[in-house]
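Each ligand, and each atom within it, is numbered from 1 in the order the structure gives. Excluded from the calculations below are hydrogen atoms, water molecules and symmetry mates; all remaining heavy atoms, backbone and side chain alike, are included.
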Amino acid sequence: MSKVHANKAKTQSYLDRYMEGVGKRNPGEPEFVQAVFEVASTIFPFIADKPIYHEMQILERMAEPERVISFRVPWTDDKGNIRTNRGWRVQFNSAIGPYKGGIRFHPSVNQSILKFLGFEQTFKNSLTGLPMGGGKGGANFNPKGKSDLEVMRFCQSFVTELYRHIGEDTDIPAGDIGVGGREIGFMFGQYKRITNRFVGVLTGKGLEFGGSKMRTEATGYGAVFYLENMLKHHGEGLEDKTVLISGSGNVATYAAEKAIHLGAKPLTMSDSSGFIHCAQGFTEEQVNWIKELKEVRRGRIHEAADEFNNITFHKGERPWGVEGNCIIPSATQNEVSGKDAESLIKNGTSYVAEAANMPCEQEAIDAFMQANIKFGPAKAVNAGGVGVSGLEMSQNSARIAWEEDHLRELLENMMRDIHASCVEYGSEGGGTVNYLKGANIAGFVKVADAMLSYGHV
Ligand code: NDP
């Protein structure tokens, strides 16, 4: 066996043993194990000739959250029934700054999903270049079909426990699926009431009470800026590119809007009931209508097909059977399967920008890589959201508010720099960039080196 082959075999056996341990220590947590595998499979080859990371057990420590808090959230519905949900905050890694990451309200939320999201967040936050550690939280609460008052009572009860674990220098939550401006307002109001302090403890706040301009747009816009950087790096542009988008929430609608601004044609959007398709590409007016439908009226996506006669609705389906040059999955985890990937590849898709967290299953990622599709991983593509949250924290600390143009420029520069870091660590010769490897390593190095400095903590 050649030396190169022997080294590869040794690295593979380290990875296998490591993953066996992660699997044993986290039974019943498949999403978390999947996320650790995705990172570890690119980090092990990188640290093969850097024994200090092995000796100091850096990857073992990184796969263990610093703290997981789980708590009861009792609340009363409009009929006077007492309801009970479970809430969590996973404080994953504070090596490079206070814990930072969103709160998700969705019936599917469990500890595995929040651990995967907190783990991913650690690398993502590192990639932004800002001093933020990784965290995530949420509850298995379904806001769908609940009245504003029910959502308010739930948020207040959630924060009545959460407030003691968070703080502007400790842990700064934000929004995520099911948690938008309305919920952040309710939570911030309750935090302020309990603590009698007006501080930047949550991000994504309303502009009237410390929110940052560009935060609402940041994740979707940032994802499109990243995709544009990927295209430019390969000598192409967004102009006239057809783009398949899933989801119709915060990330999806702003991704569609920015894609239109930059000359691309978003053809699809979706929600959990199916997808809508517009062969000519949505107009900005249609995207604004969908924003209003989902954010204000809290309706279902098929209503867009009832309203506009060039839009069709496909019940129970995902958009991945449509032909498109690029895809921006922006709904939820594991929404692109290996089979979906095969169909996209056959239909000529050549760029994938993951705007949701872990939307592609491992089989899909493998298929994209094998077919030489340019694959932008979530922790890089959607980092603009937490990036502008970091800028909201800076504005809150200094008690100032920056202008929109300035923030847009900072976001664009941040996405350009994240793309450049991924290229730096992910170049594999012959012009090929492994963005997944690049993002993982670039995010890893800073956190790992900070952990080395701290000794055994
Ligand atoms: P929203 O709640 O605003 O929107 C979520 C969208 O995804 C909705 O259209 C929802 O449809 C759809 N969706 C949710 N679950 C499923 C499912 N199981 N199957 C199909 N569709 C589903 O969330 P965001 O736009 O904020 O978040 C979307 C993704 O982006 C998530 O992965 C999130 O973690 C990630 N992200 C968000 C950031 C942000 O700043 N908001 C930052 C970084 C990442 P329905 O209305 O039917 O539920």
For ligand 1, is K294 a contact, meaning one of its heavy atoms is under 4.0 Å away? yes
Using distance alone, determine whether N250 and ligand 1 share an N or O pair under 3.5 Å. yes
W289 ring centre to R297 NZ or CZ under 6.0 Å, with the angle to the axis within 45°? yes
Between K379 and E354 (salt bridge meaning N to carboxylate O under 4.0 Å), is one present in this structure? no
Under the 3.5 angstrom rule, does the side chain of S343 hit a backbone N or O of W320 as a donor-acceptor pair? yes
S389 to ligand 1, any heavy atom closer than 4.0 Å: no
Does ligand 1 have an atom under 4.0 Å from some heavy atom of G175? no
Using the rule given for salt bridge (charged side-chain N to carboxylate O under 4.0 Å, His left out), can you reason through D78 versus R153, listing the C-alpha separation, both sets of side-chain angles and the distance that settles it, and then say yes or no? CA-CA 10 Å; D78 287 344; R153 287 194 290 271; 2.6 Å; yes
For ligand 1, the portion of E354 having any non-hydrogen atom under 4.0 Å away: neither
Taking distance alone, with no angle check, do L117 and ligand 1 share an N/O pair under 3.5 Å? no
Do any heavy atoms of G180 fall under 4.0 Å from ligand 1? no
NZ or CZ of K146 within 45° of F141 ring axis and under 6.0 Å: yes
Centre of Y221's six-membered ring, under 6.0 Å away, within 45 degrees of the axis: is that where NZ or CZ of K258 sits? yes
Below the 3.5 angstrom mark, is there an N/O of T219, backbone or side chain, next to an N/O of ligand 1? yes
Evaluate the ring-ring contact (aromatic ring centres under 6.0 Å, His included) criterion for residues F92 and Y99: first the C-alpha distance (whole Å), next the side-chain angles of each, then the deciding distance (0.1 Å), finally the verdict. CA-CA 7 Å; F92 217 104; Y99 311 106; 9.4 Å; no
R61/E64 ion pair, N-O < 4.0 Å: no
Distance-only N or O hit between ligand 1 and S330, under 3.5 Å: no
Judging by distance only, is a nitrogen or oxygen of Q333 under 3.5 angstrom from one on ligand 1? no
Just let me know how E335 lines up against ligand 1, side chain, backbone, both or neither, with a heavy-atom cut-off below 4.0 Å. neither
Taking C-beta and beyond as the side chain, do S270 and R318 meet within less than 4.5 Å on heavy atoms? no
Is the contact between A355 and ligand 1 made by the side chain, the backbone, both, or neither, using heavy atoms and a 4.0 Å cut-off? backbone
Counting only heavy atoms, which portion of S246 has something under 4.0 Å from ligand 1: side chain, backbone, both, or neither? neither
Any heavy atom of R104 closer to ligand 1 than 4.0 angstrom? yes
Does the side chain of F282 reach to within under 4.5 Å of the side chain of I311, using non-hydrogen atoms? yes
May I ask you to check if ligand 1 and K144 share an N or O to N or O distance below 3.5 Å? yes
From the list K136, R89, K100, salt bridge (Lys or Arg N to Asp or Glu O under 4.0 Å) partner of D171 resolves to R89
Nearest non-hydrogen contact to atom 28 (C) of ligand 1 from the set A356, G249, G247, A331 belongs to A331
A218 contact mode with ligand 1 (heavy-atom cut-off under 4.0 Å): neither
